[in-house]
There are 2 protein chains.
Amino acid sequence: MAESGRCQPVKETRCELCSQHARCLPLGLELNELESFDAILQRPRPLKRGEALVRQGGSFESLYAVRSGSLKQTVAQEGQRDQITHFYLPGELVGLDGIGESRCYGSVVALETTFVCELPFTRLEDLAEHSPTLRSQLYRCMSRELRNDQRMMCLLSGRTADQRLASFLLGLSNRFRARGFSPARFHLSMSRSDIGSYLGLALETVSRVLARFQAQGLVSVEGREMTLVDRDALLALAEEGAGRHSGV
Amino acid sequence: MAESGRCQPVKETRCELCSQHARCLPLGLELNELESFDAILQRPRPLKRGEALVRQGGSFESLYAVRSGSLKQTVAQEGQRDQITHFYLPGELVGLDGIGESRCYGSVVALETTFVCELPFTRLEDLAEHSPTLRSQLYRCMSRELRNDQRMMCLLSGRTADQRLASFLLGLSNRFRARGFSPARFHLSMSRSDIGSYLGLALETVSRVLARFQAQGLVSVEGREMTLVDRDALLALAEEGAGRHSGV
DNA sequence: CGTTCGTTTGACGATCCTCAAAGTTGGTGG
DNA sequence: CCACCAACTTTGAGGATCGTCAAACGAACG
């Protein structure tokens, strides 16, 4: 995103000093543990827009923590259009779904210039052997992602286009706020088509609903610059009882 | 399910002898580890149909392994209709989404008479401290569930009612096969309404599509008795390129 | 300056939801 | 054992939402 892009190339890889430390995996580690953690961490490497971090079906080796920028995970199913399953922001962990099968479930592609920290998984496991904190952080991360995915399932199966968009915008807003960026005004690093794919809508629908939101005074959009004008109304819309299947 | 219901009340709690051992969490543990595992395991307790195993928002204490029977996870959102996010069959693990927040994300309710093994999580963590196998089994389980949830997200956001139903039936069939039950003929322990909630469809749509599948010779349904007649056709339907959003 | 990619807007139609009512099943109690 | 009740299922009719197709516009990039 625009703001996160301002994070300049980081020479410093000590987690302790990273702006995302408070939201990232090694949170809560003892000093000596943190040192070992820093030691296994591969230097952040820059990804250009459109560059792939991992490829679908490629062998799973590492988790990646986003340091700055943003990425999308896309899943290609045979004969069908690619589907976007996740957007990743700074402080979030990429690759957890690869552990079980030791293959990457989808491709992960940078949406803008992006820095990630690579965490070789076998080394991480070794470290976790002697660190209860790291173990429980790992469990916590995976469990949280399970919750997020389930929330997403609820969104996709029960809500109208308006509600999906409203939830999406509020979700982004909250994630930005948590990262110290403005929750009211931000840059969308993904296209309308990406949003549509993620939310299970046609890109035209995304465009139309956003236009209507603007006409209703809920947001103000100029291309990919988004301003949330009436947050309360968006929230009311997102949580409104009358979605689809509201009967019975 | 009908078949699994035949599993009589189990006095034997040794995992080694459980019919689900090959698909369950303690798979691969050394003999001595397995003994410790058995030791922390709470005796299977029977749940009657409709009885809750855990309640939404209740504090998270344990994981549960399904021994026989089946359950559904339902998530109640404010003002909206409950949504079903998972069905659990024997050998599957309930509660992984509770670890991160130490609260249960949804309620889990038995669909028929069901036996589960309770695994107090703190004890499990203690055990995992000294068992790399158990640790990696835990990661594996969570990671697999992440994948399943993502598959579900793809299903919900990109596919037609027919394709959702076809995938659902095939998915169940595969899970039954893996458990030693007939993949071609099984009993649905969930209602049409449950299926609809899970797949993001109105219950009427579920009923209609199943009727049409029967007319087309794909399946044969009598109430909740399901027979898959033309598995290949179902597969072709489920993987068909032309879902929704197939353009562009 | 032209090409490509992304976005907007319109018209049309299909899918699937809603409402409604009748028909089933299963379980309970008289 | 039967009757009754509740919950579940089926089927129909009508309509809303949202996807598809199409075309024009805008922006970014070489």
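Here is how names work: the chains are called A, B, and so on, in the same order as the sequence lines, proteins then strands, and each is numbered from 1.
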A.B. asks: Which angle, to the nearest 10 degrees, lies between the helix axes at the two ends of the helix from C:dC1-D:dG30 to C:dG30-D:dC1, each defined by five pairs?
C.D. replies: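 The two end axes of the helix from C:dC1-D:dG30 to C:dG30-D:dC1 meet at 40°.
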
A.B. asks: Indicate, with a heavy-atom threshold strictly under 4.0 Å, whether A:Ala202 touches base, sugar-phosphate, or nothing.
C.D. replies: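 If one applies the 4.0 Å heavy-atom cut-off, A:Ala202 turns out to touch a base.
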
A.B. asks: Going 5' to 3' along nucleotides 5-13 of chain C, which nucleotides have protein heavy atoms under 4.0 Å from the base (write B), which only from the sugar-phosphate (write S), and which from neither (write -)?
C.D. replies: -SSBBBB--

A.B. asks: State which residues pass side chain to side chain contact (heavy atoms under 4.5 Å, CB included) with A:Val229; sequence neighbours excluded, sorted by chain then number.
C.D. replies: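 A:Ser220.
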
A.B. asks: Under the side chain to side chain donor-acceptor pair (under 3.5 Å) rule, what pairs show up with a residue in residues 52-66 of chain B, not counting sequence neighbours?
C.D. replies: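 Side chain to side chain donor-acceptor pair (under 3.5 Å) check on residues 52-66 of chain B returns B:Ser59-B:Glu61, B:Ser62-B:Glu118.
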
A.B. asks: Please list all pairs meeting salt bridge (Lys or Arg N to Asp or Glu O under 4.0 Å) that have one or both residues in residues 206-219 of chain A, counting only residues at least two apart or in different chains.
C.D. replies: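 The answer is A:Asp162-A:Arg212.
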
A.B. asks: Holding to salt bridge (Lys or Arg N to Asp or Glu O under 4.0 Å), I want the full list of residues that pass it with B:Arg192, two or more places apart in sequence or in another chain.
C.D. replies: none

A.B. asks: Between B:His187 (NE2) and C:dT25 (P), how many Å, whole number?
C.D. replies: 14 Å

A.B. asks: Whole angstrom is fine here: how far is it from CG in B:Leu188 over to P in D:dA7?
C.D. replies: 21 Å

A.B. asks: Indicate whether any N or O donor in one side chain lies under 3.5 Å from an N or O acceptor in the other, for B:Ser107 and B:Thr74.
C.D. replies: no

A.B. asks: Residues in salt bridge (Lys or Arg N to Asp or Glu O under 4.0 Å) with B:Glu92, at least two apart?
C.D. replies: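 With sequence neighbours excluded, B:Glu92 shows a salt bridge (Lys or Arg N to Asp or Glu O under 4.0 Å) to B:Arg175, B:Arg179, given in chain and number order.
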
A.B. asks: So what does B:Gly50 hit on the nucleic acid, given a heavy-atom distance under 4.0 Å: a base, only sugar-phosphate, or nothing?
C.D. replies: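 Result for B:Gly50 = nothing.
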
A.B. asks: Please give, in whole Å, the distance from D:dA7 P to B:Leu111 CG?
C.D. replies: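 So the CG-P distance, B:Leu111 to D:dA7, works out to 17 Å.
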
A.B. asks: CZ of A:Arg164 versus C1' of D:dC18: gap in Å, rounded?
C.D. replies: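 Answer to the nearest Å: 10 Å.
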
A.B. asks: Under the ring pair (Phe, Tyr, Trp, His ring centres under 6.0 Å) rule, collect the residues that match up with B:Tyr198, sequence neighbours excluded.
C.D. replies: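 If we apply the ring pair (Phe, Tyr, Trp, His ring centres under 6.0 Å) test to B:Tyr198, skipping adjacent residues, the hits are B:Phe87, B:Phe168.
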
A.B. asks: Excluding sequence neighbours, so at least two apart, what forms side chain to side chain donor-acceptor pair (under 3.5 Å) with A:Gln73?
C.D. replies: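 For A:Gln73 the side chain to side chain donor-acceptor pair (under 3.5 Å) partners, ignoring immediate neighbours, are A:Thr85, A:Asp97.
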
